[in-house]
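These numbers come from a predicted model, not from an experiment.
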Amino acid sequence: MSEASSAAAASDQNGAVRPRVFSGIQPTADSFHLGNYLGALRQWVAMQDTHDAFYCVVDLHAITIEHDPAVLRRRTKVAIAQLLAMGVDPDRATLFVQSHVPEHAELAWVLGCLTGFGEAGRMTQFKDKSSKQGTGGTSVGLFTYPILQAADILLYTPDPGAEGRAIRVPVGEDQRQHLELTRTLAQRFNHRFGETFVPPEAHIPPGAAKITDLQEPDAKMSKSASSPQGIIDVLEEPGPMRKKIMRAVTDTGTEVVYDEEKKAGVTNLLRIFSALDGTSVPDLERRYEGSGYGQFKKDLAQVVVDTFTPIRERTLKLLDDEEQLDRVLAQGAERASGVAARTMEIVRERVGFVGRGR
């Protein structure tokens with residue numbers, strides 16, 4: 001992306017400065033799932049028209065656990081292809097792979113030196129995983145994961161003095177603690193070394209849906225926790241998608257009614273239907289009044305298949321053209337690196353590192 005198009009990406013058609021947004025997703029599975037799509041990725045597509053958007057496949061985060069290098073490489077390409085197939089446009093958003101911008105790791109080290117041991121140890125994700133695996137089975141990378149996450153965000157802080165400086169981060173409840181650490185580290189750096197970072201703001205995109213496990217509707221839909229039957233993959237074949245919807249847990253009743261306490265399973269399916277179809281939940285309740293779960297689930301299954309089949313087809317087509325994928329990644333890395341290099345130049349100078357000279 002050229003400097004001219006880079007500047008254009010930061011403003012709208014009327015020349016007004018757009019707030020910057022940063023979001024990342026791990027390539028830790030062969031496919032994104034329904035919860036990823038409705039909770040975040042669909043909003044990525046919408047926000048590229050209202051924000052100066054930086055979207056990142058965070059492969060550095062993916063190696064905090066044991067992994068197969070060939071699988072990670074393949075999943076990273078599949079993740080990029082899916083994002084493009086969903087509508088992320090590399091001419092309207094900066095789409096890149098985290099490891100292609102080495103400043104992520106460099107800034108993480110600087111921020112790590114500003115983070116207290118107890119501060120890092122209080123992060124819920126580390127506490128949960130280390131309590132299950134023990135400290136002997138938990139990597140230092142998992143311990144410092146939130147610091148790298150802070151670096152991911154702060155690296156794309158808007159330029160000092162820029163009009164309307166702001167950086168927004170779409171977050172769910174499970175990431176709020178990490179965003180608060182990021183804000184704390186930004187303010188701590190500014191206090192010690194001078195005004196450098198804009199503390200990021202949480203952004204809850206309109207239309208983001210909380211999607212739970214199809215078999216355990218009280219639990220979040222998650223690759224690491226859900227059973228295969230409780231999760232719908234974006235790249236799944238239509239047949240298995242239909243079966244999973246038809247077998248989704250509801251309750252012993254027959255009424256299609258939104259009630260989070262008494263009908264968690266039906267409520268989850270109503271959320272999915274409404275989010276994909278655009279029909280309000282009250283209208284869905286009226287449509288299926290007295291009809292039972294069978295027709296409701298059958299219709300929902302069709303909506304799910306109609307939504308994801310085109311994405312699956314576009315993803316497979318994109319994966320067949322590796323040269324085009326590589327061009328997209330090179331373009332994204334160039335744009336991201338330009339912003340990251342400017343940020344790190346300021347950070348190095350303020351921290352006291354000696355410049356390399358000319």
Regarding [X] and [Y], is there a side-chain donor-to-acceptor distance under 3.5 Å anywhere?
X    : Y    : result
D59  : H100 : no
D152 : Q98  : yes
R168 : H51  : yes
D52  : Y156 : no
T28  : R75  : no
R247 : Q215 : no
D251 : Y293 : yes
Q149 : H178 : yes

Would you say [Y] ends up clustered with [X] if hydrophobic residues are merged whenever their side chains have heavy atoms under 4.5 Å apart, either directly or through other cluster members?
X    : Y    : value
V249 : M241 : no
L60  : L142 : no
F296 : L34  : yes
L148 : F197 : no
V256 : V303 : yes

Could you walk me through whether D326 and K77 pass the salt bridge (charged side-chain N to carboxylate O under 4.0 Å, His left out) test, one step at a time?
-> CA-CA 9 Å; D326 288 342; K77 288 282 185 77; 3.3 Å; yes
Can you tell me if [X] uses its side chain to pair, donor with acceptor, with the backbone of [Y] under 3.5 Å?
X    : Y    : value
Q48  : G87  : yes
T157 : I153 : no
T279 : S274 : no
T64  : H61  : yes
D213 : K220 : no
E103 : A151 : no
Q187 : P199 : no
R188 : L114 : yes
T94  : P90  : no
Q229 : K244 : no

May I ask you to check whether over 12 heavy atoms, not counting those of E255, lie within 6.0 Å of atom CD?
->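 Result for CD/E255: open.
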Flag the pair [X] / [Y] as yes when at least one side-chain heavy-atom distance between them is below 4.5 Å, and no otherwise.
X    : Y    : answer
D30  : V78  : no
L107 : V347 : yes
Q82  : V234 : yes
I65  : S139 : no
T212 : E216 : no
I245 : I232 : yes
P158 : I167 : yes
R18  : T50  : no

Test salt bridge (charged side-chain N to carboxylate O under 4.0 Å, His left out) applied to E237 and R312, step by step = CA-CA 8 Å; E237 294 278 0; R312 178 177 178 275; 2.6 Å; yes
Residue pair V339, L155: steps toward the side-chain contact (heavy atoms from CB on, under 4.5 Å) verdict | CA-CA 8 Å; V339 177; L155 202 54; over 6 Å; no
Between [X] and [Y], what is the shortest heavy-atom contact and its length?
X    : Y    : value
V21  : P170 : CG2-CD, 3.6 Å
I211 : R271 : CD1-CB, 4.4 Å
V101 : A333 : CG2-O, 4.4 Å
V97  : C56  : C-SG, 4.3 Å
V58  : G24  : CG1-CA, 4.3 Å
L38  : Q43  : O-OE1, 3.2 Å

How far does [atom1] of [X] sit from [atom2] of [Y], to the nearest 0.5 angstrom?
X    : Y    : atom1 : atom2 : result
L154 : T196 : CG    : OG1   : 10.5 Å
L284 : Y288 : CG    : OH    : 6.5 Å
I25  : L41  : CD1   : CG    : 4.5 Å
R287 : F273 : CZ    : CZ    : 5.0 Å
E106 : T343 : CD    : OG1   : 11.0 Å
L111 : T144 : CG    : OG1   : 11.5 Å

Aromatic ring proximity Y55/F22, centre distance under 6.0 Å |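 Not close enough - the centres of the two rings lie 6.0 Å or further apart.
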What residues form a ring-ring contact (aromatic ring centres under 6.0 Å, His included) with H33, not counting sequence neighbours?
->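 H33: no ring-ring contact (aromatic ring centres under 6.0 Å, His included) contacts found.
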Under the salt bridge (charged side-chain N to carboxylate O under 4.0 Å, His left out) criterion, do K317 and D320 qualify, and how do the steps go?
-> CA-CA 5 Å; K317 187 176 179 180; D320 283 339; over 6 Å; no
Worked check of salt bridge (charged side-chain N to carboxylate O under 4.0 Å, His left out) between E201 and R183 = CA-CA 8 Å; E201 304 168 5; R183 289 179 56 82; over 6 Å; no
Show your working on side chain to side chain donor-acceptor pair (under 3.5 Å) between Q302 and R242 and close with a plain yes or no.
-> CA-CA 7 Å; Q302 189 61 49; R242 292 183 194 277; 2.9 Å; yes
Would you sort out whether F32 and L235 count as a side-chain contact (heavy atoms from CB on, under 4.5 Å), showing the intermediate values?
-> CA-CA 8 Å; F32 296 137; L235 301 183; over 6 Å; no
Walk me through it: do V57 and I80 pass the test side-chain contact (heavy atoms from CB on, under 4.5 Å)?
-> CA-CA 7 Å; V57 175; I80 292 291; 3.5 Å; yes
Run the salt-bridge test on K262 and D259 with the 4.0 Å N-O cut-off and return the result as yes or no.
->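 Salt bridge flag = no for D259 with K262.
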Does the side-chain contact (heavy atoms from CB on, under 4.5 Å) test come out yes or no for Y258 and E285, once each step is laid out?
-> CA-CA 8 Å; Y258 190 99; E285 288 175 321; 3.3 Å; yes
